[in-house]
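Predicted, not measured: the structure shown is a model, and the values here were computed from it.
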Amino acid sequence: MRYCKQIILIITAVLLLFSFSVSSFADEISDTSSLSDESSSAVSEEESDVEDIVYDMIPQNILSEAYVVMDAKTGQVLLEKNMHKQLYPASITKILTVALALEHCSLTEKHTMSAEAVRLPANSAHIALQPDEEISIKDLAYAAILPSANDAANGLGEHVAVKLGKTGLADFGEIMNQKAAEVGALNSNFVNPSGLPDESHVTTAYDMAMITKYALGVTGFREVFGKISYTIQPTNKNEVARNIGTQHFMIAKSIYYYEGATGGKLGWTAASKCTCVTVASRGDVELICVSLKTNAAYDKYEDTTALFDYCFNNFSYTSVSMGNMSALVVPIVENSVTIGEITSDGGFATKLLLHTAAFNSDVNAEYTAPDYYPSLDSVEENLPTVTLSLKEESLSNYMNTSLGTYPLDYSYNRVESDFSGKYAAAIRPLDDDKTLSPAAKIFFIVAAVIAFLIILLFVVRAINIYRYRKRRFRKYSNHSKYTKYRT
């Protein structure tokens with residue numbers, strides 16, 4: 001009976017301890033809630049203050065019919081208007097022509113001008129090249145970019161076409177279109193290397209930005225694109241040196257000079273109006289600005305300056321991480337047999353140019369992949385991708401909300417098994433954190449303590465009984481009254 005009382009007392013003490021712990025936990029939760037309320041109040045006040053901040057909004061006085069401002073490193077579009085609308089490019093076409101020439105030819109190679117290449121419409125820009133005139137690829141490239149010489153552009157197109165196994169100048173449009181598609185300019189159709197008028201010779205602001213992004217990576221292009229003046233030495237048909245200079249006033253010293261401008265190309269025809277491509281850098285940010293169909297001659301500079309100023313003043317690189325996305329599994333199926341899997345953990349990290357009004361938390365990510373791949377080789381043709389965008393539509397007042405599509409890192413796992421049913425990419429959620437709540441932790445801790453104390457009580461009781469019996473045995477075994485019963 002005495003031990004039962006001890007057990008009851010211990011259990012009562014533990015229960016009191018448990019009650020005290022729960023009470024303390026509840027007080028803590030209450031305090032936390034109170035703090036949370038105070039914090040929410042503080043955040044509300046901060047948000048109220050944030051709402052009072054006036055962020056610069058996209059310039060509304062841009063006169064170009066279409067424009068785009070693109071990050072030259074990533075291809076991210078910061079600002080745009082009608083960027084996929086097909087318009088006439090005029091002489092900014094020569095960016096692609098010169099880039100192809102520098103990619104496939106050395107600067108010292110000589111080209112002999114054909115009669116077809118020097119035959120031009122009246123009043124078109126040229127440097128008076130003659131049939132059978134021998135001139136270097138370097139000279140032709142500078143002539144095509146700086147004074148926008150159409151005969152020089154034709155010479156480059158002719159030379160590249162023949163070098164790539166084509167017949168001549170008429171085949172260069174095919175080469176241009178193939179390269180444009182490779183670099184992501186999918187809504188363009190180039191017919192000639194110069195941009196002279198042709199109803200089927202069209203492009204878009206976005207496509208020209210992508211073409212310029214590609215061109216900037218071609219060895220030697222930046223030097224040509226940013227040159228202010230150049231001298232073409234005498235040739236076999238011309239004994240006088242030709243001094244040429246840029247027509248782009250944002251890279252030359254003028255009232256339209258733009259600090260940080262590193263290169264550019266202009267264009268104009270009666271149908272295209274003014275077209276303009278400009279590249280500028282500040283710090284670690286390099287931007288490409290394309291404006292199409294601006295009516296007045298100098299509006300293209302004012303548009304480009306306003307767009308550059310807005311972007312350089314309001315955008316900065318922000319690290320964007322998407323490590324909490326679900327895992328993606330795409331089977332590789334050949335002849336109804338799964339031979340492997342393409343897997344991605346869904347993690348993605350990059351740097352994006354975000355407006356000061358946008359934050360990392362505003363970025364939404366969705367990735368896509370085919371239902372299955374017919375072979376391992378086909379994976380590179382259709383990589384799993386992640387598409388980033390801004391969640392809040394109101395942010396469209398400050399920047400383009402589509403942040404681009406990027407390939408996901410993936411790994412290949414080989415498996416061999418029969419595959420039946422629908423082939424489909426599987427999205428497997430990543431394991432969630434299965435940690436216990438604080439209340440559950442306290443309950444299990446107290447329960448463990450109670451169990452331990454009960455076991456300890458029984459052990460102590462067993463030891464006491466053993467000791468008691470041992471003392472009684474010794475006491476009675478030594479008493480004289482019981483000596484006569486010993487044998």
Side-chain angles (χ1 to χ4, degrees), residues 62-64 66-73 78-80 83 87-102 125 141-150 152-153 156 185 193-195 203-218 220-230 244-269 272-282 285-294 296-312:
I62 304 301
L63 300 176
S64 302
Y67 69 79
V68 68
V69 181
M70 177 180 288
D71 181 358
K73 296 177 184 177
L78 276 60
L79 307 176
E80 65 90 9
M83 70 173 178
L87 296 167
Y88 299 122
S91 286
I92 60 175
T93 299
K94 296 181 176 78
I95 293 174
L96 179 56
T97 299
V98 171
L100 283 167
L102 297 179
Y142 278 107
I145 293 294
L146 274 65
S148 198
N150 294 302
L156 291 173
S194 61
T203 190
T204 68
Y206 176 82
D207 284 5
M208 282 310 307
M210 291 298 289
I211 288 169
T212 304
K213 177 177 177 291
Y214 142 74
L216 293 173
V218 175
F221 181 84
R222 287 178 178 270
E223 289 75 13
V224 176
F225 202 49
K227 196 74 171 178
I228 304 300
S229 61
Y230 181 76
I244 58 178
T246 184
Q247 298 176 337
H248 199 306
F249 288 174
M250 290 183 71
I251 64 174
K253 292 297 182 181
S254 71
I255 60 172
Y256 293 105
Y257 172 75
Y258 190 81
E259 184 179 356
T262 57
K265 182 75 188 77
L266 304 179
W268 184 90
T269 67
S272 71
K273 303 305 180 184
C274 296
T275 62
C276 179
V277 177
T278 314
V279 176
S281 298
R282 286 188 187 175
V285 178
E286 183 176 40
L287 301 178
I288 300 166
C289 182
V290 178
S291 68
L292 298 181
K293 203 169 185 179
T294 309
Y298 299 107
D299 286 345
K300 59 181 177 286
Y301 296 135
E302 294 179 358
D303 284 358
T304 301
T305 297
L307 293 170
F308 271 153
D309 282 347
Y310 176 80
C311 291
F312 282 125

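Residue pairs that meet the salt bridge (Lys or Arg N to Asp or Glu O under 4.0 Å) test with at least one member in residues 297-310, sequence neighbours left out, are Arg282-Asp309.
At most 12 non-hydrogen atoms from other residues, nucleotides or ligands lie less than 6.0 angstrom from OH of Tyr298. Around the NZ atom of Lys73, the shell of radius 6.0 Å holds more than 12 heavy atoms that belong to other residues, nucleotides or ligands.
For the residue pair Ala90 and Ser272, the shortest heavy atom distance occurs at CB-OG, 3.3 Å. Closest of all the heavy-atom pairs between Thr304 and Ser291 is OG1-OG, 4.2 Å. Listed here is the closest heavy atom pair of Ala144 and Val98: CB-CG2, 3.9 Å. Considering all non-hydrogen atoms of both residues, Ala66 and Leu87 come closest at CB-CD1, 3.9 Å. Nearest heavy-atom pair across Thr204 and Asp207 is OG1-N, 2.9 Å. Shown here for Leu102 and Ala141, the closest heavy-atom pair between the two residues is CD2-CB, 4.5 Å.
A 4.5 Å side-chain heavy-atom check between Leu96 and Tyr214 finds at least one atom pair inside the cut-off. At a threshold of 4.5 Å between non-hydrogen side-chain atoms, the residues Phe221 and Ile95 count as touching. Proximity of Thr278 to Phe308: side-chain heavy atoms (C-beta onward) are separated by under 4.5 Å at one or more points. Counting only heavy atoms from C-beta outward, the side chains of Cys276 and Thr294 never approach each other to under 4.5 Å.
Judged by distance alone, with hydrogens and angles left aside, the side-chain atoms of Lys94 form a donor-acceptor pair with the main-chain N or O of Ser194 at under 3.5 Å. Although no hydrogens or angles enter the test, the distance criterion places a donor-acceptor pair under 3.5 Å between the side chain of Thr275 and the main chain of Pro89.
Taking CG of Leu292 as the start and CD1 of Ile92 as the end, the distance is 5.0 Å to the nearest 0.5 Å. For the atom pair Leu307 CG and Phe312 CZ, the distance stands at 11.0 Å (nearest 0.5 Å). Note that OG1 of Thr305 is 11.5 Å distant from OH of Tyr257, once rounded to the nearest 0.5 Å. Atom-to-atom distance recorded for Thr97:OG1 and Ile211:CD1 is 9.5 Å, nearest 0.5 angstrom. Separating the CD1 atom in Ile145 from the OG1 atom in Thr246 is a distance of 9.0 Å, to the nearest 0.5 Å. The line from CG of Leu78 to CG of Asp71 is 6.5 Å long, rounded to the nearest 0.5 Å.
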Practice problem: Might you work through the ring pair (Phe, Tyr, Trp, His ring centres under 6.0 Å) test for Tyr230 and Tyr142, ending with a clear yes or no? | Solution: CA-CA 7 Å; Tyr230 181 76; Tyr142 278 107; 4.1 Å; yes
Less than 3.5 Å apart, which donor and acceptor atoms pair up between the side chains of residues 261-268 and the rest of the protein, not counting sequence neighbours?
residue, atom, partner, partner atom, Å
Thr262, OG1, Val279, O, 3.3
Lys265, NZ, Ser148, OG, 2.9

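Under the 30°/60° scheme for interplanar angles, the aromatic rings of Tyr301 and His248 are found to be tilted.
Under the rule for a side-chain contact (heavy atoms from CB on, under 4.5 Å), Ser229 has no partner lying at least two apart in sequence or in another chain.
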